[in-house]
Each structure stands twice: as structure tokens, then as C-alpha cells.
Amino acid sequence: MITEQPSPKSEPPTVWNPLTYTGWGRARSAAGQIARPERQSVLASAVAQRPAPAFGLRRSYGDVALNDGGNSYDMTRLDRVLEFGTDSGLVTVEAGMPIGDLARLTAPKGWLPAVMPGTGFATVGGCIANDVHGKNHHTQGSFGQHVTEITLLQGETSRTITPDSGAIWLATLGGLGQTGVIAKATLQLMPCPGEMMRLTERRIENLDAFLRAFDDSQTPYTVGWIDGTATGDALGRGILEESELVTGVDSSGEGTVSVPMNAPGWALSSPIVRLFNAAYLRKVPTGGRTSVKPIHKVLFPLDALHDWNRLYGKRGFNQFQCVLPTDRVDVLRAMLEKIAASHLCSPLAVLKKMGPGRGGYLSFPMEGYTLAIDVPNRDGSQELIAELTQMTQDADGRIYFAKDGVADAAQIMGMYPDLDLWAETVNAADPTRAFETDLVRRLNLRGKGA
């Protein structure tokens with residue numbers, strides 16, 4: 001279903017200010033005019049007069065949310081809950097609402113967003129535009145599969161679209177914001193027993209053991225931390241985290257801290273990362289451990305360290321994330337060998353098993369194994385990511401656009417079988433390319449002609 005309404009024209013002029021801004025990795029930046037509307041009517045009026053892409057808290061790592069030399073809408077002031085059915089679990093929110101804030105509001109009432117990424121600072125609009133996945137993708141699929149309605153602003157037209165809307169719906173979920181500005185959305189939440197999770201952690205000796213553990217796991221939330229420096233028989237060793245929603249009380253008393261400044265260049269040098277990873281592995285006893293923690297401490301562990309991206313220094317970092325078919329474990333193993341040999345891996349490396357669920361034409365998830373690593377932006381890092389990207393393409397896998405800042409257009413050819421359908425729909429919805437962003441241009445996702 002699609003409904004169209006004319007956008008209002010009577011709002012006061014929108015204030016635009018110059019801003020230089022980055023993605024979360026801080027390796028790519030943009031400069032342009034930014035508006036920060038505070039009301040839906042102001043946003044609709046502004047987009048009608050000056051259509052441009054939107055961004056939220058910019059937790060995507062590369063340049064998917066950047067528009068260098070152009071205009072953009074900062075959606076972070078549009079962060080309200082507009083309607084919440086405590087009996088149905090349907091919630092309508094503005095696109096700038098952080099998903100973690102939404103979870104904190106709804107969990108005490110017995111409901112939780114069905115899918116949440118690794119940070120609570122991702123906005124609902126960003127979660128839709130990137131069709132994010134979480135630690136429970138194998139049981140709940142992707143974020144877009146739990147969205148029931150989206151309001152899109154496309155210049156002078158406002159559209160309300162639903163899963164019955166056809167191609168425009170499929171082009172919007174995971175569509176990188178190219179069908180218009182996502183103003184608000186309705187989500188179907190899932191029931192939850194409370195605000196706590198039971199977390200079980202255990203050491204895993206190598207990659208083969210990890211894959212067996214994923215197959216044997218019966219818990220709804222599963223993720224693996226990988227020691228990217230390990231080699232030989234220990235290749236792929238790490239910690240498996242399995243968790244589930246439970247009732248309980250938070251007695252941890254843990255708070256949050258901030259990284260006050262950029263770390264020096266040696267802070268994530270290879271010897272320090274090896275020492276840190278070995279110590280981090282030992283933090284889990286040989287027999288494993290189980291604890292009960294608040295939801296946000298299990299699903300968003302890095303959010304406790306505000307501005308942790310500063311640990312990579314002023315040059316920032318890039319992240320590589322791919323998903324490989326389940327029958328290409330050989331490539332996954334080769335990737336881990338290449339990463340370890342490069343001496344460029346940071347302590348942040350994650351492995352998950354994914355199911356088939358995805359919401360739209362350009363949604364990242366596919367059944368297989370997804371590997372994500374953070375790589376400090378120093379000599380050799382982009383070459384490493386380029387090699388890993390090529391290995392992904394050759395193995396019929398795909399990279400995650402929300403994390404990419406390095407790939408070129410040739411390397412993503414064939415990764416997304418519905419790319420042509422997406423481009424056709426997007427170019428029809430936005431023929432002037434008003435919503436195009438740096439990543440879309442860099443990878444030529446929309447093709448040469450509108």
C-alpha cells in the first residue's frame with residue numbers, strides 16, 4: 001500500500017550550517033551544509049524545498065552516510081515515540097530515535113525490538129536504511145522484517161509505504177536511504193520477560209570448534225569474539241557468547257566511561273594487540289562462566305566506552321565485514337590466516353553464523369558465516385581490506401555497505417543479485433539523484449543513468 005500526501009509549505013525557513021563530519025571509523029570525512037529539524041512538519045517542508053540525504057548518529061563506519069560537498073539532514077532531534085500499543089507491541093517512532101533508547105523504554109513494558117545491532121546508538125532510520133542484523137539473526141532475521149510501515153519524504157511528496165507496496169518497499173529496506181528521507185516508522189516489537197539477559201561465555205580453541213559450537217547452540221543470541229592474531233592450531237580461537245532474555249535485577253553497578261582523546265599511534269600496535277587478546281581470552285575461566293546482566297550490557301557492550309573510536313588515533317580505522325556461504329569455510333580460514341599474517345588486526349574481530357532472513361534488495365544478510373574486523377587506518381590496511389574484499393567476491397559472498405569505506409565498484413559486482421532491481425526502483429523514485437551519498441557514488445550502485 002502507498003499513500004501520498006502533499007508536503008506542507010508554510011513552515012519557517014530551515015537553518016543550514018556548514019559542518020565537517022565523518023562516519024564512525026573517521027577514516028572518511030565530508031563537508032557540507034547540514035540542517036537539524038526538530039519537528040516532522042519542519043522536516044517535510046525542508047525536504048520539499050531542498051531534497052537531500054539524511055543521517056542519524058553516524059554509527060555506520062565508512063561513507064554510506066556522507067555527502068561531501070552537498071546538503072544533508074541531521075535527524076537526531078527527531079527522536080520521539082509517536083505511538084505505542086502496549087497490548088500489540090506496535091510502536092511508531094521518529095527516524096532519529098536511537099534503538100537502545102527505544103529498548104530501554106519498551107522493555108519494562110514487556111516488549112523489545114526484535115533485532116538490534118551491536119550498538120544502541122544506531123537510529124531507527126539507520127537500522128532500516130542498512131537493514132541491520134544482530135546476534136539473533138539466525139532466529140529473528142533482519143531488522144526490516146519487523147517493520148510494518150515507513151513514511152518516506154521524496155521532495156514534495158510524502159509516501160507511507162508498507163510490505164504490500166512492492167518494489168519501493170524492497171528498495172527502501174537496506175536501500176541506503178536512496179528512496180527518500182525516512183521520517184518515521186512503525187515496528188512490530190517482540191515480547192520480552194524483563195530487562196535482563198543470561199549470558200554464558202566459554203573459550204573456543206580454534207575455528208573448527210567455533211563452527212561446531214554455532215551448529216550446537218540452542219540460544220537465541222549467539223556471537224563469537226575472535227583472536228585475530230592467533231595462528232596455527234589456534235587459528236580462529238576466541239570466546240563464544242550465548243545469551244537469552246530472562247527476568248532479574250541489575251546488581252553489577254557498572255557505569256560508562258569515555259575515551260577523552262585520540263590514542264597514540266602505538267596504542268594498537270601488533271605486540272600490544274597480541275598481549276591484549278591473550279589477556280582477554282583468559283578473562284573467561286577454563287570452564288566458562290554465566291552471569292545475568294541488563295540487556296544493553298550484553299547486546300551493546302562497547303557502548304559503555306563512549307567515543308571508543310578514538311582508540312584508533314586521529315587517522316581512524318576501517319572495518320571489513322563479509323558474509324560467506326556455509327560451504328566456503330576454506331575462504332574464511334584463509335582470511336583469518338591473512339589477517340594474522342598482516343599484523344594489522346585490532347582486538348575487535350567478530351564471527352557469527354547467519355540465517356537466510358533479509359528485508360530488501362540490498363540487504364546484507366545471507367545464510368553463512370559473517371566475519372567483521374576493525375583495522376587501524378595505517379600503511380597496508382586498505383590493501384588488506386581490498387584483498388579480503390576480492391576473496392569475498394570470488395567466494396560468492398558479499399560485503400556490508402554499512403561498514404565499508406574501501407571497496408571499488410568492480411569488487412562488488414555480483415555480490416548483490418537484486419542490485420539492478422534496486423537501482424531501477426531507486427532511479428525512478430529519485431531521478432535527480434538528490435539522495436545520493438558518497439558510498440553510492442563510489443561504488444556506482446545506481447549505475448550511470450537515472
Side-chain angles (χ1 to χ4, degrees), residues 14 17 19-26 28-30 32-40 42-44 46-47 51-68 70-82 91-105 113 115-134 142-144 147 150-153 172-187 296 300 302-303 306-307 309 319 359 364 400-405 435-440:
T14 301
N17 292 301
L19 180 70
T20 298
Y21 57 106
T22 73
W24 185 244
R26 303 201 302 165
R28 285 184 175 268
S29 64
Q33 295 290 318
I34 308 299
R36 298 182 67 195
E38 297 184 2
R39 300 194 307 274
Q40 289 288 319
V42 173
L43 173 67
V47 175
F55 61 73
L57 288 166
R58 288 179 281 116
R59 254 40 185 200
S60 52
Y61 285 38
D63 54 354
V64 67
L66 308 185
N67 187 28
D68 192 30
N71 306 314
S72 292
Y73 290 98
D74 180 338
M75 301 289 286
T76 54
R77 290 177 175 170
L78 294 165
D79 60 353
R80 291 171 281 267
V81 173
L82 303 177
V91 62
T92 300
V93 299
E94 294 181 308
M97 164 69 76
I99 195 68
D101 288 356
L102 180 60
R104 289 181 180 91
L105 288 171
V115 173
M116 292 184 284
T119 173
F121 292 115
T123 61
V124 168
C127 288
I128 294 171
N130 294 287
D131 195 22
V132 299
H133 57 277
S142 67
F143 188 88
V147 180
I150 299 170
T151 297
L152 281 178
L153 303 179
T172 299
L173 299 182
L176 312 176
Q178 296 302 288
T179 58
V181 172
I182 299 170
K184 57 185 178 179
T186 300
L187 317 177
H296 67 274
F300 316 132
L302 285 177
D303 287 358
H306 287 182
D307 300 319
N309 54 353
Q319 185 178 101
F364 167 72
Y400 192 14
F401 293 139
K403 305 296 181 67
D404 179 59
F435 301 109
E436 206 166 41
T437 61
D438 287 358
L439 176 136
V440 175

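Note that the coordinates shown come from a computational prediction; the quantities given were computed from them, not determined experimentally.
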>> Minimum heavy-atom separation for N67 and Y21, please, with both atom names.
In response: N-OH, 3.1 Å

>> If you compare all heavy atoms of S60 against all heavy atoms of A65, which two are closest, and at what distance to 0.1 Å?
In response: OG-CB, 3.9 Å

> How many angstroms lie between atom CD1 of I150 and atom OG1 of T179, to the nearest 0.5 angstrom?
Replying inline: 7.5 Å

> Mind checking whether Y400 and F364 have parallel, tilted or perpendicular rings, split at 30° and 60°?
Replying inline: parallel

>> Given 3.5 Å as the limit, does a donor-acceptor pair link the side chain of Y73 with the main chain of A46, or not?
In response: yes

>> I'd like to check T186 versus V147 (side-chain heavy atoms, cut-off strictly below 4.5 Å). Are they in contact?
In response: no

>> Rounded at 0.5 Å granularity, tell me how far CD1 in I99 sits from CZ in F143.
In response: 4.0 Å

>> Quick check: do I34 and N17 have side-chain heavy atoms less than 4.5 Å from each other?
In response: no

> From R28 CZ over to D438 CG, what is the distance, rounded to the nearest 0.5 angstrom?
Replying inline: 8.0 Å

> For M75 and A183, which heavy atoms make the closest approach, and how far apart are they?
Replying inline: CE-CA, 4.3 Å

> Looking at L152 and G180, what are the two nearest heavy atoms and their distance?
Replying inline: CD2-O, 4.0 Å

>> If I compare all heavy atoms of T14 with all of A35, which pair ends up nearest, and what's the gap?
In response: CG2-CB, 3.5 Å

>> Using every non-hydrogen atom in the two residues, find where G359 and D131 come nearest and quote the distance to one decimal.
In response: N-OD2, 2.8 Å

> Is the count of non-hydrogen atoms from other residues, nucleotides or ligands lying under 6.0 Å from K184 atom NZ greater than 12?
Replying inline: no

>> I need the single residue from L78, L105, T123 that forms a side-chain contact (heavy atoms from CB on, under 4.5 Å) with M97. Which is it?
In response: L105

> CD/Q40 to CZ/R80 distance, rounded to the nearest 0.5 angstrom?
Replying inline: 7.5 Å

> Just by modelled atom types, is the T76 backbone N or O under 3.5 Å from a matching donor or acceptor in the D74 side chain?
Replying inline: yes

> Could you state the interatomic distance from OG1 (T437) to CD (Q178), rounded to the nearest 0.5 Å?
Replying inline: 5.0 Å

> Under 4.5 Å between any side-chain heavy atoms of L102 and V81, yes or no?
Replying inline: yes

>> How long is the straight-line distance from CG of L153 back to CD1 of I182, given to the nearest 0.5 Å?
In response: 10.0 Å

